[in-house]
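Okay, so here's the structure we're looking at.
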Amino acid sequence: MTAAEIARSSAQEPPFRYGGRVPPGTSPVSLEHLMLTREIEERLYYEADLLDQWRYRDWLELTAEDIRYWAPLRRNVRFGEWEHEQSEPDGALAWFDDNRATLERRVLQLESGVHWAEEPLSRVCHVISGIRLVDVPPSLDAVSEVTVRSRFIVYRNHQEDEESLFIGKREDVLRRSDRTWLLAARSIFIDQSVMLSQNLTILL
Amino acid sequence: MSRHGIEKARGALPLTMVTFEERGHGILSTYPYEVSDENADIFPRFEAPVGRLDDPVTVGRYYQDAAARRPANSAGRLSAKTYQSVGGIFPNMSFHTMFPRTIAVWHPIAPGVTEGWRWCVVDANAPKEVKDNARHHFMRYSGPTGLTEQDDMENWSYLTAATKGPVARRFPYNYQAGLRAERADERLPGATVSDMVNTELSLRGFYAAWQRHMDSGE
């Protein structure tokens, strides 16, 4: 399969939805695909390093002006009614539905030193895995934007004995800029219905 | 956003704690007042986009119109509405009145475990821009990911843990703050009112009702 064919077939893949039909993955057979995947992996691992080193301001600078950072609620639904499993992208509540301005405020709060839920700052570890490109328009030869899925396990230890674990999927849109890939959209699917941690004070 | 509205309303109308001891309900709000042109505008200002879809012009116009209509709509009735007031309905519901305008329901799951649900209230006939603005404001404020309530969650869960300690269990809790500073009020039949903000009046009302239910033998 050529690079262009891979790009075309994966562009048809629907957005991630729990219980939704996901077509068989396309094999990354070309060297370009492999190199692009590696580049995107490096970008996601770098971002995890920034977040785990409390470099929230540096993380913010790697986000696009028009970013949407969204984490829907997850519902318990009957068999087959999976279209209602997560809160709708528009008009519904979500754990997060931030833009650049509100992410900036989250970072300001984390940097304030008087944010009790993060004072002292938590020890955080982002484990990112299962990185897979699902949309590469317009073609691998002239990539401007990619959609990438990943799995995350994020561990948070606060104070002495307080532990939280956030596990789920992400679907990101990364946009190529002069120097790097900017995060243009992040959808976070936390695999919990009721949030079992007392709060979620960190960026996923 | 500015607190312009509440400062104006509060200027003439200091905060009052009200409890209905027979029922166990309580509210911290202004003393009930007649709405006039002077205190009609209790709405916050959204001067620049903050939420993802914010349209401050449409939102601002909506709340200005609401303020302009308020004296006529409220004629002959008392109001206690301010930019923000908080209260509780016995036994497990509480609310914020304006921004955020939410209803919380506290589900007892097990000893020491409570599950909180929060319902966000928007005006049914408001334009979509106003609903989006309110929804994004509520999301940023409330819940385990809310900028404000992230910190509240710490308090709520640690105070639960603190009540389990041997010393905490050895002594009765003290709810004396503001005791004897309360009074009956002819405008609010059945209510006990305090002009102190730092009073435990509403907690005394809540736990008195709780104790009556526990002792009723039903």
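Values below: all heavy atoms of this structure, side chains included; hydrogens, waters and symmetry mates excluded. Chain A is the first sequence line, chain B the second, and so forth, proteins listed ahead of strands; every chain is numbered from 1.
Contacts of residues 161-168 of chain A with chain B at a heavy-atom distance below 4.5 Å involve A/Glu162, listed in sequence order. Of residues 152-165 of chain B, those residues with a non-hydrogen atom less than 4.5 Å from any non-hydrogen atom of chain A are, in numerical order, B/Met153, B/Glu154, B/Ser157, B/Tyr158. For residues 194-204 of chain A, heavy-atom neighbours of chain B at less than 4.5 Å comprise A/Val194, A/Met195, A/Gln198, A/Asn199, A/Leu200, A/Thr201, sorted by residue number. Within residues 88-96 of chain B, no residue approaches chain A closer than 4.5 Å by heavy atoms.
Residue A/Ala92 touches chain B through its backbone alone, counting heavy-atom pairs closer than 4.5 Å.
Expressed to the nearest 0.5 Å, how far CG of B/Asp151 lies from NE2 of A/His115 amounts to 5.0 Å. Annotation: the span from A/Asp90 atom CG to B/Lys128 atom NZ amounts to 5.5 Å, rounded to 0.5 Å. The distance from the CE atom of B/Met139 to the CG atom of A/Leu93 is 6.0 Å, given to the nearest 0.5 Å. For the atom pair A/Leu110 CG and B/Gln150 CD, the distance stands at 7.5 Å (nearest 0.5 Å).
For B/Met196, the CE atom is densely surrounded, since the number of other residues' heavy atoms within 6.0 Å is greater than 12. Other residues, nucleotides and ligands contribute more than 12 heavy atoms inside 6.0 Å of the CZ atom of A/Arg100. More than 12 heavy atoms of other residues, nucleotides or ligands sit less than 6.0 Å from atom CG of B/Asp65.
Side-chain N or O atoms of B/Arg140 include none that pairs as donor or acceptor with a backbone N or O of A/Thr102 at under 3.5 Å.
Among the candidates A/Glu118, A/Arg68, A/Arg106, A/Glu104, the residue making the largest number of heavy-atom pairs closer than 4.5 Å to chain B is A/Arg68.
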